[in-house]
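For clarity, every value in this text was computed on a predicted model and none was experimentally measured.
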Amino acid sequence: MLEINFHPFKNLESKRLLLRRVIETDVDEIFELRSNPETMKFIPRPLAKTKEDALIHLKTIDENIENNKGINWAITLKGNPKLIGIIGHYRLQPENHRCEIGYMILPQYNGQGIVTEAIQLILEYGFDDLQMHSIEAVIDPENKASERVLQKNGFVKEAHILENELWDGKFWDTVIYSILKRNFKG
């Protein structure tokens with residue numbers, strides 16, 4: 001079984017991006033992400049209704065890092081500390097050397113390749129630092145933008161599960177994409 005340890009917290013950098021720790025001053029941007037029905041359209045979780053909801057989410061992110069249960073980064077453009085998205089490793093399965101990634105970005109930054117670039121960084125971290133064997137992403141089958149981003153990053157469709165998640169009175173399908181370490185071209 002893998003030993004997961006996110007300490008010390010590691011920032012990740014690419015040509016355009018700095019992925020850094022989410023901090024309390026990011027609460028406005030987290031609220032903007034989590035309260036936007038369009039941003040949350042494919043995420044079966046409640047919309048943030050207040051900044052307090054966003055602060056609770058921020059504290060959950062922090063607790064998961066502190067307890068080595070999951071890690072999230074603020075996606076920022078180099079030279080600008082403003083959070084424009086969140087990306088991270090969730091649902092760690094150290095016994096299987098597998099985890100799930102998730103991400104979201106403010107709508108005004110869609111279509112610029114930012115999420116694709118950020119995924120490359122966290123895949124490298126997942127395979128090299130965490131020593132994962134496989135990394136998955138679970139998406140709504142209607143989320144074509146997320147599907148394209150995953151495919152650009154070398155993920156392959158593993159499964160389409162019918163009506164396996166109940167949220168807000170509706171059964172949702174989920175699609176699982178994954179990438180194996182040996183297929184990662186980071």
CG of Leu58 to CD of Glu29, rounded to nearest 0.5 Å, is 10.5 Å

- Under 4.5 Å between any side-chain heavy atoms of Tyr125 and Ile71, yes or no? yes

> Linking I/L/V/M/F/W/Y whenever any side-chain heavy atoms sit under 4.5 Å apart, do Ile43 and Ile86 land together?
Replying inline: yes

Sorted by chain and number, sequence neighbours left out, side chain to side chain donor-acceptor pair (under 3.5 Å) with His160 holds for Asp173

**Report entry** Full working for side-chain contact (heavy atoms from CB on, under 4.5 Å) between His57 and Phe31
**Finding:** CA-CA 9 Å; His57 183 69; Phe31 179 71; over 6 Å; no

Output for pair (Ser178 OG, Glu158 CD), nearest 0.5 Å, gives 3.5 Å

> Is there side-chain contact between Ile105 and Ile114, with heavy atoms separated by less than 4.5 Å?
Replying inline: yes

Rounded to the nearest 0.5 angstrom, the CD1-CG distance for Ile122 and Leu12 is 8.5 Å

Check your understanding: What do the steps show when you test Asn72 against Tyr90 for side-chain contact (heavy atoms from CB on, under 4.5 Å), and what is the final call?
Key -> CA-CA 8 Å; Asn72 279 278; Tyr90 308 86; 2.7 Å; yes

Residue set satisfying side chain to side chain contact (heavy atoms under 4.5 Å, CB included) with Ser146, at least two apart, ordered chain then number -> Tyr103, Ile139, Asn143, Leu150

> Would you say the side chain of Glu136 lies within less than 4.5 Å of the side chain of Arg91, judging by non-hydrogen atoms?
Replying inline: no

Tightest non-hydrogen contact, residues Tyr109 and Lys82, listed as OH-NZ, 4.2 Å

Between the NZ atom in Lys144 and the CD atom in Gln151, the distance rounded to the nearest 0.5 Å is 9.0 Å

Hey, does the side chain of Asn183 reach the backbone of Ile179 with a donor-acceptor pair shorter than 3.5 angstrom? no

Query raised in the report: Do Leu47 and Ile61 share a hydrophobic cluster (ILVMFWY, side-chain heavy atoms under 4.5 Å, transitive)?
Result: yes

Asn64 side chain to Lys69 backbone, donor-acceptor under 3.5 Å: no

Given the options Lys181, Arg182, Arg98, Ser134 meets side chain to side chain donor-acceptor pair (under 3.5 Å) only with Arg98

Of all heavy-atom pairs linking Gln131 and His97, the shortest is O-ND1, 3.6 Å

What one should report as the nearest heavy-atom pair of Pro46 and Met40 is O-CE, 4.0 Å

*Looking at Trp167, does the NZ or CZ of Lys170 lie under 6.0 angstrom from its six-membered ring centre and within 45 degrees of the ring axis?*
no

Next item on the list: Would you check if the side chain of Lys78 reaches a backbone N or O of Ser14 as a donor-acceptor pair within less than 3.5 Å?
Entry: yes

Could you check whether any side-chain heavy atom of Met132 comes within less than 4.5 Å of a side-chain heavy atom of Gln93, counting everything from C-beta outward?
no

The side chain to side chain donor-acceptor pair (under 3.5 Å) partners of Thr25 (sequence neighbours excluded) come to none

**Request:** Run the numbers on Leu55 and Lys51 for side-chain contact (heavy atoms from CB on, under 4.5 Å), then give the verdict.
**Result:** CA-CA 6 Å; Leu55 196 56; Lys51 284 194 183 167; over 6 Å; no

Q. Counting only N and O atoms by type, is there a donor-acceptor contact under 3.5 Å from the side chain of Asn153 to the main-chain atoms of Phe155?
A. no

Rounded to the nearest 0.5 angstrom, the CG-CD distance for Leu17 and Gln120 is 11.5 Å

Take the angle between the ring planes of Phe184 and Phe127 and call it parallel below 30°, perpendicular above 60°, tilted in between.
tilted

Separation between CD1 (Ile101) and CD1 (Ile119), nearest 0.5 Å, reads 4.5 Å

Check: Can Ile4 be reached from Ile65 by stepping across I, L, V, M, F, W or Y side chains whose heavy atoms are under 4.5 Å apart?
Finding: yes

Nearest heavy-atom approach of Gln108 to Glu32 is NE2-OE2, 3.7 Å

Shortest non-hydrogen pair, Ala74 vs Leu83, comes out as CB-CD1, 3.5 Å

Within the 4.5 Å heavy-atom criterion, are Asp129 and Lys10 side-chain neighbours or not? yes

Residues at least two apart in sequence or cross-chain that pass side chain to side chain donor-acceptor pair (under 3.5 Å) with Thr39, listed by chain then number, are Asn36

If you define the side chain from C-beta out and look only at heavy atoms, does anything of Arg20 sit under 4.5 Å from Thr76? yes

Side chain to side chain donor-acceptor pair (under 3.5 Å) filter on Arg21, not counting sequence neighbours, yields Asp62, Glu66

Worksheet item: Given side chains that start at C-beta, do those of His89 and Trp73 come closer than 4.5 Å, heavy atoms only?
Response: yes

Are the side chains of Asn96 and His133 in touch, meaning some heavy atoms are under 4.5 Å apart?
no

Discussion item. Pair Ile30, Val22 - check side-chain contact (heavy atoms from CB on, under 4.5 Å), show working.
Written reply: CA-CA 9 Å; Ile30 290 175; Val22 177; 3.6 Å; yes

Residues Ser35 and Ala48: closest non-hydrogen pair is CB-O, 3.1 Å

Residue Glu3 excluded, over 12 heavy atoms near CD under 6.0 Å:
no

Item checked: Hydrophobic cluster membership, Trp172 vs Met104, 4.5 Å side-chain cutoff -> no

Sorted by chain and residue number, the salt bridge (charged side-chain N to carboxylate O under 4.0 Å, His left out) partners of Glu124 (sequence neighbours excluded) come out as none

**Item:** Shared hydrophobic cluster for Phe9 and Ile75 (ILVMFWY, side-chain gaps under 4.5 Å)
**Value:** yes

